[in-house]
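In what follows, a single structure is set out as structure tokens and then discussed.
This structure is a prediction, so every number in the text was calculated from the model and none was measured.
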Amino acid sequence: VVESWSFLDTVESNFRPLVVIELAKGTKEETIAWFTKRIVDKKANGGAQLLIKPLVMENGVENIYLVGASHLRLLLGAETVGLVKECSDNSMRTFTYSSRKTFKDFSDDNHNFLTMAECQYIIKHELENLRAKNEKMIPGYPQAKLYPGKSIVRRLLTSGILVQIFPLHDREELKKLRHSWYGRVKIGYQPLDDIRCYFGETIALYFGFLEYFTFALIPMAVIGIPYYVFAWEDYDKYVMFATFNLLWSTVILEVWKRICAILTYRWGTLLMKRQFEEPRPGFHGVLGINPVTGREEPVYSSLKRQLRIYLVSLPFVCLCLHFSLYVMMIYFDLEQWALDYHKENESNFSSLMLYVPSIIYAVVIEIMNRIYRYAAEFLTSWENHRLESSYQNHLILKVLVFNFLNCFASLFYIAFVLFDMKLLRQSLATLLITSQILNQFAESLLPYWLQKRYNRRMKKRMCSQKTDRDLSIAEQVNMEKEMGTYLGTFDDYLELFLQFGYVSLFSCVYPLAAVFAVLNNITEIYSDALKMCRVYKRPFAEPTANIGVWQLAFETMSVISVVTNCILIGMSPQVDALFPDSKMDLVLTVALVE
């Protein structure tokens with residue numbers, strides 16, 4: 001491999017642009033010269049040994065650069081990042097350049113051995129690993145300090161010199177994917193392998209989970225419809241449904257683990273070794289020596305971080321939870337007012353008014369969730385976590401605790417304090433349906449409409465051809481750099497998590513919850529696919545072996561749902577009648593079953 005590096009040819013005739021780098025307008029010439037030199041320099045000299053070309057726009061501005069790499073460079077990069085590929089004997093092994101001939105479909109002239117997403121991932125990895133050697137600052141910007149081992153790209157990003165780095169769409173492949181994914185309405189599986197080849201494992205796994213969860217909801221929906229039709233007003237008949245519910249919520253997550261392992265083994269990420277995690281871009285501190293690597297890098301006291309978490313973040317989260325409960329009590333006052341109004345007037349209008357407090361509360365919940373999300377991101381960033389995984393875990397914990405209480409506290413209060421099953425059903429139905437409508441609008445329809453408007457303006461300005469294929473590279477980059485940035489699967493998983501809560505916790509009193517969830521998820525698959533292909537810039541592929549901390553979140557919800565359903569079964573008249581004398585026996589039996 002060392003020989004291969006030294007003979008690597010950095011000039012390749014058929015330059016294929018893979019990644020776009022946009023620098024801030026007016027970036028100093030010496031900075032550009034230094035940065036591009038570091039990108040094309042040999043690995044031995046601390047460079048990335050990639051290819052780079054400036055893209056001259058119509059207005060003559062040269063702040064956009066296209067990055068590519070020779071075929072040999074990408075193969076060596078695949079070994080560096082530890083890609084796992086299929087061998088000729090159908091086993092999965094980590095790719096090495098020396099044993100390249102043993103891999104399936106490999107030949108020296110087959111430039112499709114690595115998918116475009118894998119090539120872009122390799123380039124991103126190489127760019128992020130460009131490290132300062134003996135530079136004390138970025139040339140031309142004395143305030144942008146550097147130290148040995150610091151990631152140059154991260155410093156350029158935090159200094160505002162580098163605006164963005166994004167992978168280019170492959171117009172032809174995208175067209176094919178759009179057609180097979182959502183181009184025609186059909187009942188069937190999504191092309192998960194194609195999605196994985198184009199967008200990477202993290203996004204493909206989200207769509208795999210969304211599809212699996214939708215199929216898993218169908219038995220609940222099928223049982224729910226006759227339950228709803230024949231035992232509508234009889235709340236005492238929910239014992240069988242609750243029993244099925246608690247078994248279902250446990251089994252589906254265990255089956256998912258197996259399906260997830262099957263997918264990630266096939267994609268080669270189940271066996272991928274976890275890389276040493278670099279400090280996240282936003283991490284800051286005084287320069288010190290890392291005790292593990294011995295390298296000079298920012299060091300931040302973990303005691304300071306713990307103080308920030310426990311003395312600021314924790315009280316703030318508790319304050320938000322208190323405010324959420326306060327809003328809930330206002331909702332119950334409104335509910336009482338609507339009930340009194342209906343008793344006095346008993347008209348069609350007054351019966352409609354019964355639903356108004358729940359709808360208002362559902363909208364307020366969505367608004368509070370979104371505002372809290374920004375506050376949680378700010379606080380978690382301020383806590384100054386060194387690693388991205390640590391940052392994500394703290395953020396997810398903050399957001400889940402608040403969202404859980406905000407969305408479900410009223411349902412628990414109605415079920416176990418007020419014991420009002422009719423109000424519980426009405427609240428659950430309203431919260432579920434309203435939140436689904438708002439999410440579909442905010443996440444897909446609105447961004448799609450804004451993007452379509454922007455594209456129309458761009459096409460008029462460029463007087464471009466009619467078809468996507470006719471777009472020149474300059475026009476394509478111009479279109480894509482203005483598209484929204486996909487911020488990851490966080491919000492999508494959060495939506496599914498809350499939906500799982502609505503269905504598994506109390507759907508025995510409103511059996512149609514699963515039916516609405518299935519309908520929502522079918523439209524969600526199409527709208528999310530549309531969003532990925534038409535609204536956002538292409539995200540970099542991220543290899544992953546599972547759905548991460550979300551598996552734990554869903555399992556926690558399933559434990560809560562088992563407890564909730566057991567208590568609901570214990571509260572039912574049929575079970576109550578089995579213990580006429582001793583209520584303590586009933587409580588102990590419910591606890592034992594649970």
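- N565 and T243 share no side-chain donor-acceptor pair at under 3.5 Å.
- A salt bridge is absent between K304 and E383: the closest approach of a Lys/Arg side-chain nitrogen to an acidic carboxylate oxygen does not fall below 4.0 angstrom.
- The aromatic rings of F506 and F416 are tilted relative to each other, their planes meeting at an angle between 30° and 60°.
- Checking S527 against Q440 by side-chain atom types alone, a donor-acceptor pair falls below 3.5 Å.
- Side-chain atoms of R154 never come within 3.5 Å of backbone atoms of E128 as a donor-acceptor pair (strictly under, hydrogens ignored).
- Closest approach of I252 and F500 over heavy atoms only: CD1-CE1, 3.8 Å.
- Contact check for Q392 versus F490: side-chain heavy atoms found under the 4.5 Å cut-off.
- Two rings, from Y121 and F540, have their centers 6.0 Å or more apart.
- In terms of heavy-atom proximity, V562 sits nearest to L246 at CG2-O, 4.0 Å.
- In summary, the aromatic rings of W337 and Y341 are positioned with their centroids under 6.0 Å apart.
- The closest donor-acceptor contact from the side chain of S582 to the backbone of D585 lies under 3.5 Å.
- Remark: the backbone N or O of Q190 is paired with a side-chain donor or acceptor of E211 at under 3.5 angstrom.
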Test side chain to side chain contact (heavy atoms under 4.5 Å, CB included) on M421 and L568; report intermediate values, then the result.
CA-CA 10 Å; M421 293 300 164; L568 285 170; 3.9 Å; yes

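- Defined by atom type and a distance below 3.5 Å, a donor-acceptor pair is present between the side-chain atoms of Y198 and H169.
- Formation of a donor-acceptor pair under 3.5 Å by the T523 side chain with backbone atoms of N520 is found in this model.
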Test log, rule side-chain hydrogen bond (donor to acceptor under 3.5 Å, both in side chains), inputs N406 and Y372
CA-CA 11 Å; N406 205 18; Y372 175 82; over 6 Å; no

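- Checked by atom type, the side-chain pair Q499/E495 shows no donor-acceptor distance below 3.5 Å.
- Closest approach of S410 and Y331 over heavy atoms only: CB-CE2, 4.3 Å.
- Under 4.0 Å is where a charged nitrogen must lie from a carboxylate oxygen, and between E524 and K531 no such pair does.
- A tilted orientation is assigned to the rings of Y486 and Y536, their planes being inclined by 30° to 60°.
- Between S427 and I414, the closest heavy-atom pair is OG-CD1, 3.4 Å.
- Partner of D340 under the side-chain hydrogen bond (donor to acceptor under 3.5 Å, both in side chains) criterion, out of H342, Q336, K343: Q336 alone.
- Distance alone, capped at 3.5 Å, places no donor-acceptor pair between the E377 side chain and the L395 backbone.
- Put simply, the side chain of S347 gets close to the backbone of S350: a donor and an acceptor are under 3.5 Å apart.
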Walk me through whether S561 and N245 qualify under side-chain hydrogen bond (donor to acceptor under 3.5 Å, both in side chains).
CA-CA 8 Å; S561 101; N245 205 337; 5.4 Å; no

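- S390 places no side-chain N or O within 3.5 Å of a backbone atom of R386 that could act as its donor or acceptor partner.
- A donor-acceptor pair is defined here as one N or O able to donate and one able to accept, closer than 3.5 Å; no such pair exists between the side chain of R196 and the backbone of I203.
- Between F404 and F412, the ring planes lie tilted relative to each other; the angle falls in the 30° to 60° range.
- Ring orientation note: the planes of W181 and F199 are tilted relative to one another, at an angle of 30° to 60°.
- For D333, the CG atom counts as densely surrounded, since its 6.0 Å shell holds more than 12 non-hydrogen atoms of other residues, nucleotides or ligands.
- Residue-environment remark: CZ (F332) exceeds the threshold of 12 foreign heavy atoms within 6.0 Å.
- Between the side chain of D420 and the backbone N or O of K422 there is at least one donor-acceptor pair closer than 3.5 Å.
- Of the listed residues (H394, R308, K398), just one forms a side-chain contact (heavy atoms from CB on, under 4.5 Å) with S313, and that residue is K398.
- Taking the six-membered ring for Trp and thresholds of 30 and 60 degrees, F213 and W248 have ring planes inclined between 30 and 60 degrees apart.
- Taking the side-chain contact (heavy atoms from CB on, under 4.5 Å) definition, one finds that L405 meets it with L321, S324, L325, A409, sequence neighbours left out.
- Centroid-to-centroid, the aromatic rings of F419 and Y413 stay 6.0 Å apart or farther.
- Of all non-hydrogen atoms in V518 and A221, the two that sit nearest each other are CG2-CB, 4.3 Å.
- Between T544 and T264, the shortest heavy-atom distance links the atoms O-CG2, 3.6 Å.
- Between the side chain of T202 and the backbone N or O of E542, at least one donor-acceptor pair lies under 3.5 Å.
- With sequence neighbours left out, L530 forms a side-chain contact (heavy atoms from CB on, under 4.5 Å) with Y182, Y448, R534.
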